[in-house]
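Right, one structure below, let's go through it.
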Number of protein chains: 2
Amino acid sequence: MKKCAGKFAHNGCEKTALMAVKDSLDVLSGSWKLPILVSLANGPKRFNQISKEVEGISDKMLSKELKDLEQNHLITRSVQDTFPPTVMYDVTEHAETLDKVIKELRDWGIIHRKKIIG
Amino acid sequence: MKKCAGKFAHNGCEKTALMAVKDSLDVLSGSWKLPILVSLANGPKRFNQISKEVEGISDKMLSKELKDLEQNHLITRSVQDTFPPTVMYDVTEHAETLDKVIKELRDWGIIHRKKIIG
DNA sequence: TATATTACTAACCTTTTGGTTAGCGCTTAC
DNA sequence: GTAAGCGCTAACCAAAAGGTTAGTAATATA
């Protein structure tokens with residue numbers, strides 16, 4: 001048994017805990033991942049639909065972020081080879097496990113904004 | 001009353017929720033913020049002590065990150081004008097409200113790693 | 001006298017991130 | 001015939017993030 005004297009003690013003060021936090025941040029950070037996930041959480045969508053819903057994102061970034069999210073098993077991509085091509089994106093069940101994380105990030109964001117701006 | 005049909009529905013599907021999440025990520029993202037906070041959570045420390053504990057960080061980054069954290073009221077900085085100068089950093093009470101966020105990020109990080117690597 | 005010490009900062013460079021434009025291939029609509 | 005539509009990708013740039021090195025102040029020690 002190791003003593004954890006820190007103020008985040010129950011979060012574990014060992015390196016593995018820090019690594020796990022870093023893993024999460026790596027997946028979620030950047031301006032676009034969460035907005036895309038939220039957009040898809042409201043229903044499966046095609047590339048151009050997402051592009052319209054997620055304001056300000058460029059084609060290049062959307063393409064890249066969708067790839068990242070797929071690699072992390074947070075969304076699925078399904079192609080029908082019609083012409084013009086139709087590609088559907090949808091969130092996975094794994095993405096739904098992000099629920100609590102998003103909730104805490106949102107809650108703390110609100111607390112923090114009050115603290116800083118007043 | 002607005003309907004929220006999405007899979008993250010209880011997180012709010014409105015823009016304010018997304019903004020709050022973004023606020024949190026802006027404060028926490030990057031490689032160093034959380035490691036520094038965790039290091040300080042185990043007790044107040046001086047610049048060089050943090051530099052040794054947070055592996056791999058450069059003086060320049062440490063200096064910058066400490067400034068950011070101070071601006072966000074997550075740490076305090078206190079100087080004694082001895083020679084050589086002594087500067088103490090400590091976490092604030094506000095930083096302790098990050099507790100649940102860190103816990104969820106850690107938990108999800110572990111879930112996610114299992115999912116991806118197996 | 002020379003050197004180490006602290007908490008940085010300035011100057012310089014590389015890497016990563018992200019934006020912009022143009023274009024592809026094939027079909028449908030004008 | 002030609003223009004628009006889809007889901008990208010390549011080429012090119014600008015900005016941001018982050019690393020490395022050197023240097024500063026006044027004192028204490030070798």
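Predicted, not measured: the structure shown is a model, and the values here were computed from it. Order of the sequence lines fixes the chain letters, A, B, ..., with proteins taken first and strands second; residue numbering starts at 1 for each chain.
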Practice item. For T82(A), answer base if it contacts any base atom (sugar-phosphate contacts may also be present), sugar-phosphate if it contacts only those atoms, and nothing otherwise; contact means non-hydrogen atoms under 4.0 Å. Key: nothing

Review point. Is any side-chain N of the basic residue among D26(B) and K22(B) closer than 4.0 Å to the acidic one's carboxylate O?
Key: yes

**Study point:** d(CG, L62(B); P, dA17(D)) in whole Å
**Key:** 17 Å

**Study point:** Nearest heavy-atom neighbours spanning G56(B) and W32(B)
**Key:** C-CH2, 3.7 Å

Check your understanding: For the side chain of K64(A), counting heavy atoms from C-beta on, which of dT20(C), dC8(C), dG18(C) is nearest?
Key -> dG18(C)

Review item, side-chain donor-acceptor pairs of residues 60-71 of chain B, under 3.5 Å, at least two apart:
none

Review point. OP1, OP2 of dC8(D) versus side-chain N and O of Y89(A): anything below 4.0 Å?
Key: yes

Revision key, fill the gap. Picking from dG18(D), dT9(C), dG19(C), the nucleotide nearest the side-chain atoms of S63(B) would be dT9(C)

Practice item. Ignoring the backbone of R46(B), work out which of dA7(C), dG19(C), dG19(D) is nearest its side chain. Key: dA7(C)

Review point. Counting any heavy atom closer than 4.0 Å, what does T86(A) reach on the DNA or RNA strands: base, sugar-phosphate only, or nothing?
Key: sugar-phosphate

Check your understanding: More than 12 foreign heavy atoms under 6.0 Å from NZ of K33(B): is that the case here?
Key -> yes

Exercise for review: Round to a whole Å and report the spacing from CG of L66(A) to P of dT9(D).
Suggested key: 10 Å

Review point. Quick one: does K45(B)'s side chain have a donor or acceptor within less than 3.5 Å of a partner on G43(B)'s backbone?
Key: yes

Review point. In whole angstroms, how far is the P atom of dC13(D) from the CE atom of M61(A)?
Key: 20 Å

**Study point:** Length of the CE-P vector between M88(B) and dA7(C), whole Å
**Key:** 9 Å

Exercise for review: Please state how far atom CD1 in I50(A) lies from atom P in dC6(D), giving the value in whole angstrom units.
Suggested key: 13 Å

Check your understanding: For every nucleotide of nucleotides 21-30 of chain C, 5' to 3': is a protein heavy atom under 4.0 Å from its base (B), only from its sugar-phosphate (S), or from neither (-)?
Key -> ----BBS---

Review point. Between I57(A) (CD1) and dG18(C) (P), how many Å, whole number?
Key: 9 Å

Point to revise | Side-chain H-bond candidate by donor/acceptor type, H112(A) with N72(B), under 3.5 Å | key: yes

Practice item. Provide, to the nearest angstrom, the distance between the NZ atom belonging to K33(B) and the C1' atom belonging to dA17(D). Key: 11 Å

Run the side-chain donor-acceptor check on residues 86-93 of chain B: report pairs under 3.5 Å with partners two or more places apart or on a different chain.
from: T86(B); atom 1: OG1; to: T82(B); atom 2: OG1; distance (Å): 3.2
from: T92(B); atom 1: OG1; to: H73(B); atom 2: O; distance (Å): 2.7
from: T92(B); atom 1: OG1; to: L74(B); atom 2: O; distance (Å): 3.3
from: T92(B); atom 1: OG1; to: H94(B); atom 2: N; distance (Å): 3.3
from: T92(B); atom 1: OG1; to: A95(B); atom 2: N; distance (Å): 3.2

Check your understanding: Side chain of K67(B): nearest nucleotide among dT9(C), dG7(D), dT9(D)?
Key -> dT9(C)

Exercise for review: Report the distance from atom CD of Q49(A) to atom C1' of dC8(D), rounded to the nearest whole Å.
Suggested key: 16 Å

